[in-house]
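Please read all numbers here as calculations on a predicted model, not as lab measurements.
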Amino acid sequence: MYLARFSYDVLPVNRQRAIEFIHREVEAARGKGLNARLLVPLTRGHGNGPALQFEVELTDLDQLDQFRNSGVGSKQETGNWMHAFSEVLTAPPGVEVLRFEGGERA
């Protein structure tokens, strides 16, 4: 089992709009049978950690490419969504892929 985590930096003025974009991503993942969630950090770690995060659980790494290419609809719809979302980001998203160890889902 894998966990893909996307970290997004946004200005406070764009926070609600970014949350709406991520909610669409969460719903799209859930619509594809994936467990996904929006994370809103209550504190910021070292440096100026990400303002918002999105996590999706995957059974294999091929699902990551499939989801990123057509996560919120067709390839065209996903491309349009990514372009619009990028307008509120202050930096490219950070991406981490983690593997669960020692058992089933956390």
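Between the CZ atom in R5 and the CD atom in E55 there is a gap of 4.0 Å [rounded to 0.5 Å].
Looking only at side-chain heavy atoms (C-beta outward), R37 and E57 come within less than 4.5 Å of each other. In this structure, the side chains of L89 and V10 come closer than 4.5 Å at one or more pairs of heavy atoms. Looking at heavy atoms from C-beta onward, V56 lies out of side-chain contact with N35 at the 4.5 angstrom threshold.
Listed by first then second residue, pairs satisfying salt bridge (Lys or Arg N to Asp or Glu O under 4.0 Å) with a partner in residues 81-92 number zero, not counting sequence neighbours. Listed by first then second residue, pairs satisfying salt bridge (Lys or Arg N to Asp or Glu O under 4.0 Å) with a partner in residues 17-26 read E25-R68, not counting sequence neighbours.
Listed by chain and residue number, S7 satisfy the side-chain hydrogen bond (donor to acceptor under 3.5 Å, both in side chains) test with Q53 (two or more places apart in sequence, or in another chain). Legend: residues meeting ring-ring contact (aromatic ring centres under 6.0 Å, His included) with F85, ordered by chain and number and at least two apart, are Y8, F21, W81. For L61, the side-chain contact (heavy atoms from CB on, under 4.5 Å) criterion is met by Y2, V97, not counting sequence neighbours. Legend: residues meeting side-chain hydrogen bond (donor to acceptor under 3.5 Å, both in side chains) with Q16, ordered by chain and number and at least two apart, are absent.
When only modelled atom types and interatomic distance are considered, D62 and Q66 share no side-chain donor-acceptor pair under 3.5 Å.
The nearest pair of heavy atoms linking P41 to A51 is CD-O, 3.2 Å. Heavy atoms only, all atoms of each residue included: L58 and L64 are closest at CD1-CB, 3.7 Å. The shortest heavy-atom contact between H23 and L38 is NE2-CD2, 3.8 Å.
V13 and V40 fall into different hydrophobic clusters, where Ile, Leu, Val, Met, Phe, Trp and Tyr residues are linked whenever their side-chain heavy atoms come under 4.5 Å apart, directly or through other members. Residues L39 and I22 are members of separate hydrophobic clusters, defined by side-chain heavy-atom contacts under 4.5 angstrom among Ile, Leu, Val, Met, Phe, Trp and Tyr. Note on L98: it clusters hydrophobically with F100, by side-chain heavy-atom contacts below 4.5 Å among ILVMFWY residues.
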Between L34 and Q63, is the side-chain contact (heavy atoms from CB on, under 4.5 Å) condition met? List the steps.
CA-CA 9 Å; L34 301 172; Q63 286 179 303; 3.5 Å; yes
